[in-house]
Amino acid sequence: MSPAKIKEKVRETNSLWPVYSLMATVLRRFGVILLGVLVVISGVVIAHQTHQMRQTTIALKQLEDEQTALELQWQKLSLEQSSLAEHSRVESLAEKRLQMKQLDSRDEVLITPSVRGRE
């Protein structure tokens, strides 16, 4: 490169120097402000997510407690059903309340289904 071209480039660079300096200052200050804003936004988002996580954990705990209570109730009802459906209990209630009795084979009447057309 010739010395004339180098001097021309230096002059051109020197004439643009204030613009570059101003841009660098603005970007530096804007960058710091932008970084500060991003830090604040990040903190708010983290606080919100933490709050949501705690609320979800509380709801999960309540649902687990409800599930446990329902399982206990189901076990009690299952036990009650098995005791109420016991054959000897049903038989004694039928004899006492409904005055039912066991049939002898001579008192039994068998009914056979008829075939249509052969009645």
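Along the sequence shown, residues are numbered consecutively beginning with 1.
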Self-check item: Within-4.5 Å side-chain heavy-atom neighbours: Q75 and L79
Solution: no
Quiz prompt | Crowding at CD, E108 (>12 non-hydrogen neighbours, <6.0 Å) | solution = yes
Quiz item: Do E95 and E91 pass the side chain to side chain contact (heavy atoms under 4.5 Å, CB included) test, and can you show the C-alpha distance, the side-chain angles, and the key distance before you say yes or no?
Solution: CA-CA 6 Å; E95 288 175 0; E91 191 173 324; 3.9 Å; yes
Quiz item: Should T56 and L60 count as side-chain neighbours, where that means a heavy-atom distance under 4.5 Å?
Solution: no
Practice problem: Report the distance from atom OG1 of T68 to atom CG of L63, rounding to the nearest 0.5 Å. | Solution: 10.5 Å
Practice problem: From the options H51, M53, Q52, select the one residue that forms a side-chain contact (heavy atoms from CB on, under 4.5 Å) with Q55. | Solution: H51
Exercise. Give a yes or no answer on whether the side chain of S42 reaches the backbone of L38 with a donor-acceptor pair at less than 3.5 Å.
Key: no
Self-check item: Gap between atom CG of L77 and atom CG of L72 - 0.5 Å precision
Solution: 11.0 Å
Quiz item: For Q49, does the CD atom sit with more than 12 other heavy atoms under 6.0 Å from it, leaving out its own atoms?
Solution: yes
Quiz item: Side chains of E66 and Q62: closer than 4.5 Å at any heavy-atom pair?
Solution: no
Quiz item: Roughly how far, to the nearest 0.5 Å, is CZ of R97 from OG of S92?
Solution: 9.0 Å
